[in-house]
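Okay, so here's the structure we're looking at.
Letters A, B, ... mirror the listed sequences (proteins, then strands); counts begin at 1. Model, not experiment: these values are computed from the prediction.
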Amino acid sequence: MASTLDSYVNRAVCVITGDGRNFIGILKGFDQTINLIIDDSHERVFSSSQGVEQVQLGLHIIRGDNVVLIGEIDNELDSRLNLSEIRAEPLAQIHH
Amino acid sequence: MLPLSLLRTAQNHPMLVELKNGETYNGHLVSCDNWMNINLREVICTSKDGDRFWRMPECYIRGSTIKYLRIPDEVIDMVKEEVVAKGRGRSDGKGRGGAQRGRGGNRGSFGASRGRGAPSGRGGGGGTNKPRGK
């Protein structure tokens, strides 16, 4: 488990949280409960009526309870995205 | 770098804490522990919709209710200094995991020894503890 996330440290990652939000930033650290340090982060807010809005946030600790998915970002692919053209429904939050 | 080391370094810095229920708390971190329980001072609480605010001189937040913490950018550079200072003691990251696994083993034997002293004390639920005790 831990060894897998090790390879993501100091890379750009996308973190999807339990409330359906999508954070992008540099993974600086993690622990055994998947608490994450995300540096230089921004949130991408998806909407079906307009392009993706990016909100600058900075340094975050995301509590592991709330982490659903961590994915490595392919910077080259990501830079080719035209976020202002992308329309998508925002993710729903988890219901317990 | 461990998230809780960063949090410890952020003591006396301002931060924003969002809880799982959507409320946010802005204040200065006074102290924190290994469960992410935190003490804030000079707090402004904002309701989930962001339409109501409460000021309070201090508050205590249970770690398990936290969704995320937003911390000033410069704090991460201060952790690096601390890690370098403690570098040697900390280098055995894997050893700590091993120690915890060891503790799990101890817990079993602890339960067993307790079981010998008072057999019905712990084995009540599972019943499987009893044979292990002998």
Side-chain angles (χ1 to χ4, degrees), chain A residues 1-45 53-70 90-96, chain B residues 1-11 13-26 29 32-38 48 50 61-80 82-83 90 92-101 103-104:
Chain A
M1 175 184 72
S3 56
T4 323
L5 273 185
D6 252 331
S7 62
Y8 289 46
V9 169
N10 290 321
R11 306 277 184 94
V13 293
C14 145
V15 179
I16 296 179
T17 55
D19 53 0
R21 288 154 83 169
N22 186 350
F23 296 100
I24 314 278
I26 310 295
L27 183 69
K28 284 299 190 180
F30 63 91
D31 63 19
Q32 63 272 48
T33 63
I34 324 292
N35 295 325
L36 306 175
I37 303 174
I38 306 290
D39 194 14
D40 204 11
S41 68
H42 63 269
E43 181 180 354
R44 286 187 182 163
V45 184
E53 185 191 348
Q54 299 209 72
V55 184
Q56 287 303 320
L57 295 170
L59 180 59
H60 266 70
I61 297 173
I62 304 180
R63 193 171 161 92
D65 303 1
N66 193 41
V67 173
V68 173
L69 178 151
I70 307 162
L91 290 173
Q93 62 173 358
I94 290 175
H95 290 278
H96 295 286
Chain B
M1 185 192 307
L2 293 169
L4 288 167
S5 317
L6 177 63
L7 189 59
R8 226 172 290 125
T9 312
Q11 282 175 141
H13 288 263
M15 63 174 57
L16 176 149
V17 182
E18 182 164 326
L19 303 191
K20 288 172 179 166
N21 67 12
E23 288 175 359
T24 59
Y25 288 78
N26 277 281
L29 182 65
C32 59
D33 65 17
N34 286 338
W35 293 273
M36 212 186 271
N37 301 324
I38 56 172
K48 185 174 184 174
I61 299 174
R62 182 176 158 97
S64 65
T65 66
I66 294 171
K67 191 189 285 175
Y68 64 77
L69 308 112
R70 197 174 160 191
I71 289 169
D73 288 346
E74 61 270 21
V75 175
I76 199 162
D77 302 320
M78 301 162 78
V79 185
K80 276 172 193 148
E82 202 174 297
V83 168
R90 277 283 173 110
D92 55 342
K94 278 171 190 162
R96 294 179 64 201
Q100 284 207 331
R101 245 171 275 133
R103 205 175 63 178

Heavy-atom distances under 4.5 Å only: say whether A/I38 touches chain B with side chain, backbone, both or neither.
-> neither
If only atom types and distance count, is the side chain of A/N35 paired as donor or acceptor with the main-chain N or O of A/F30 below 3.5 Å?
-> no
Chain B neighbours within residues 57-70 of chain A, where any heavy atom lies under 4.5 Å away | A/L57, A/G58, A/L59, A/H60, A/I61, A/I62, A/R63, A/D65, A/N66
Applying side chain to side chain contact (heavy atoms under 4.5 Å, CB included), name anything that partners B/Q11, two or more places apart in sequence or on another chain.
-> B/R8, B/L29, B/S31, B/C32
Heavy-atom contact with chain A under 4.5 Å, split by part of B/L16 = neither
Aromatic centroids of B/Y68 and A/F23 separated by under 6.0 Å = yes
Approximate separation, where rounding is to 0.5 Å, of B/I76 CD1 and B/I71 CD1 = 9.0 Å
Check whether B/E74 gets within reach of chain A through its side chain, its backbone, both or neither, counting any heavy atom under 4.5 Å.
-> neither
Partner residues of A/D40 under the salt bridge (charged side-chain N to carboxylate O under 4.0 Å, His left out) criterion, sequence neighbours left out = none
Check whether any side-chain N or O of B/K20 sits under 3.5 Å from a backbone N or O of B/S64 as a donor-acceptor pair, and report yes or no.
-> yes
Could you pull out all residues at least two apart from A/R44 that satisfy salt bridge (charged side-chain N to carboxylate O under 4.0 Å, His left out)?
-> A/D78
